[in-house]
Structures are given as C-alpha cells and as structure tokens.
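Have a look at the structure below, then the notes.
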Amino acid sequence: MRALEYAINRQALAKVAFAGYATPATGIVPPTIDFAQQYPAISYDPAKAKALLKEAGYPNGFETTLWSSHNHSTAQKVLQFTQQPLAQVGVKVKVTTMDAGQRAAEVEGKGQKESGVRMFYTGWSASTGEADWALTPLFATAAWPPAIFNTAFYSNLKVDKDLADELKTTDRAQKAQLYKDA
C-alpha cells in the first residue's frame, strides 16, 4: 500500500482532476471535522514506490482492479490520472465503474477474499461533523458489508474498542485521545 501512495503525485492530481479546487488529504478525517488528526503529507517519489514494490516481492509490479462508484467527468479524470503513475511503477490497473447495486452484489454477503475488492474510488462525507462517522463506517469490523461500508474488510480489535468507547463519553480530551488512538 505504501508503495502506491508514493507513486501518485497528489498535488498534480488536485490540479488536473479537480481544476485546483481540491487539497490533498493529510489524514483520514477531513481537517474541518471535529477531532481530525493530521499527518505529514506523503511525498511523490516513484523511485521509492518501485523500491517498496521490489521489497514486497513485486519487482515487476502487479495487476489489480480499481472499482469506482462514480462515472462523472471528474471521477474519470481521477481514475485515468491514477492509472498512469501506477503503470509507471509497474502496477497495471483495470478500472471498473459500478453503480451502487452492482457494487452491493459484488460485496455484500461475501468475505474479504470472495468480494473481489482490491482498490476502490468513492467519496465519503463525515456528515455528523465529528470523526466518528468518518472512521466507524470505513474501519469498524461491525461495518463490514452489508452492515455499512467497510469494503476493505478492515478489522482491528483496538480500533473497534476505541471507536466504541468514544461514543460512551462526552469528555473532549478523552474523545480526542480515543480518536487519535483509533
């Protein structure tokens, strides 16, 4: 995963696909959402991406799929822009655009390996204004499809506990620590 992060020039992506009206993410939770954590930006470094792929046992890259839940012109720009730098480090990406029904049929009721999800482009909004709705639907084990939207099938008992515990307190310092730990 880290190799793929180094392969994509986020500044150029924001400029090309979003006409400069986007800011590359520096965290999972958008910075305007309560309890967001920011991290150092990931640099664009294709040489490092290739080295990490080699270290991971993929010296010649690999083939994968990228699902998209959007088919509008901006999404098409993002998908095309993403394919190009990944191909330059040896990762050949096949894009599959799906509507919600197709995606649900491919994921719901299936496990991580059976679902076929490898990479997924979509939008997500932390509509509650707090980090919980940015994190829980995407990272809680209980959010695996069909329950919510954890299509990565991510599971970490510590993260699950932190996310559950943050809902049990109104103490801002405690909530902040739990979100940070998660």
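Going from atom CD1 of Ile28 over to atom CD of Gln37 covers 10.0 Å, rounded to the nearest 0.5 Å. Distance OG1/Thr26 to CD/Gln38: 3.5 Å, rounded to 0.5 Å. Rounded to the nearest 0.5 angstrom, Arg10 CZ and Thr23 OG1 are separated by 13.5 Å. Taken from CZ in Phe18 to OG1 in Thr74, the straight-line distance is 6.5 Å, to the nearest 0.5 Å. Once rounded to the nearest 0.5 Å, the distance linking OH of Tyr121 with CG of Leu79 reads 7.0 Å. Between the CG atom of Asp165 and the NZ atom of Lys175 there is a distance of 10.5 Å, given to the nearest 0.5 Å.
Considering only heavy atoms from C-beta on, Leu13 stays 4.5 Å or farther from Pro24 through its side chain. Proximity of Tyr44 to Ile8: side-chain heavy atoms (C-beta onward) are nowhere separated by under 4.5 Å. Between Thr97 and Gln76 there is a side-chain heavy-atom pair separated by less than 4.5 Å. Residues Leu4 and Val91 have side chains in contact (heavy-atom distance under 4.5 Å, counting atoms from C-beta outward).
Taking both residues in full, the closest heavy atoms of Ala126 and Ala134 are given as CB-CB, 3.6 Å, listed atom of the first, atom of the second, then distance. Of all heavy-atom pairs spanning Pro30 and Ala36, the tightest one is O-CB, 3.3 Å. Minimum heavy-atom separation, Pro137 to Ile148: CB-CG2, 3.4 Å. Taking all atoms of both residues into account, the shortest heavy-atom contact from Leu163 to Ala182 is CD2-CB, 4.0 Å. Scanning all heavy atoms of the two residues, the minimum distance from Asp132 to Thr136 falls at OD1-OG1, 2.6 Å.
Trp133 and Leu167 fall into different hydrophobic clusters, defined by Ile, Leu, Val, Met, Phe, Trp and Tyr side-chain heavy atoms under 4.5 Å apart, directly or through other members. With hydrophobic clusters built from ILVMFWY side chains whose heavy atoms lie under 4.5 angstrom apart, Leu86 does not share a cluster with Trp67. Val93 and Met98 are members of different hydrophobic clusters when ILVMFWY side chains are connected at heavy-atom separations under 4.5 Å. Residues Leu66 and Val78 share a single hydrophobic cluster, defined by chaining ILVMFWY side chains whose heavy atoms lie under 4.5 Å apart. Val159 and Val29 fall within a single hydrophobic cluster, where Ile, Leu, Val, Met, Phe, Trp and Tyr side chains are chained together by heavy-atom contacts under 4.5 Å.
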Apply side-chain contact (heavy atoms from CB on, under 4.5 Å) to residues Leu138 and Asn150 and explain how you reach the verdict.
CA-CA 4 Å; Leu138 303 177; Asn150 181 352; 5.7 Å; no
CA sep, side-chain torsions, deciding dist, call: Arg172, Asp34, side-chain contact (heavy atoms from CB on, under 4.5 Å): CA-CA 10 Å; Arg172 288 191 58 79; Asp34 209 13; 2.9 Å; yes
**Study point:** Derivation of the side-chain contact (heavy atoms from CB on, under 4.5 Å) call for Lys94 and Gln83
**Key:** CA-CA 8 Å; Lys94 177 187 176 202; Gln83 277 182 300; 5.9 Å; no
- Message: Determine whether Asn156 and Phe139 satisfy the following criterion, side-chain contact (heavy atoms from CB on, under 4.5 Å), listing intermediate values before the conclusion.
- Response: CA-CA 8 Å; Asn156 180 310; Phe139 298 103; over 6 Å; no
Tell me which donor-acceptor pairs under 3.5 Å the side chains of residues 45-58 have, and how far apart each pair is, sequence neighbours excluded?
unit_1: Asp45; atom_1: OD1; unit_2: Ala47; atom_2: N; d: 3.4
unit_1: Asp45; atom_1: OD1; unit_2: Lys48; atom_2: N; d: 3.0
unit_1: Lys48; atom_1: NZ; unit_2: Tyr6; atom_2: OH; d: 3.4

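Salt-bridge annotation for Lys158 and Asp162: present, with a side-chain N of the basic residue lying under 4.0 Å from a carboxylate O of the acidic one. A salt bridge does not link Glu63 with Lys92: none of the charged nitrogens is closer than 4.0 Å to a carboxylate oxygen.
Judged by distance alone, with hydrogens and angles left aside, the side-chain atoms of Asp160 form no donor-acceptor pair with the main-chain N or O of Ala140 at under 3.5 Å. Remark: the backbone N or O of Phe149 is not paired with any side-chain donor or acceptor of Trp144 at under 3.5 angstrom.
Taking the six-membered ring where tryptophan is involved, the planes of Phe35 and Tyr179 are tilted, since the angle between them lies from 30° to 60°.
The neighbour count for Tyr39 OH, taken as heavy atoms of other residues, nucleotides or ligands under 6.0 Å away, is above 12.
Contacts of Lys15 classified as salt bridge (Lys or Arg N to Asp or Glu O under 4.0 Å), with partners at least two apart in sequence or in another chain: none.
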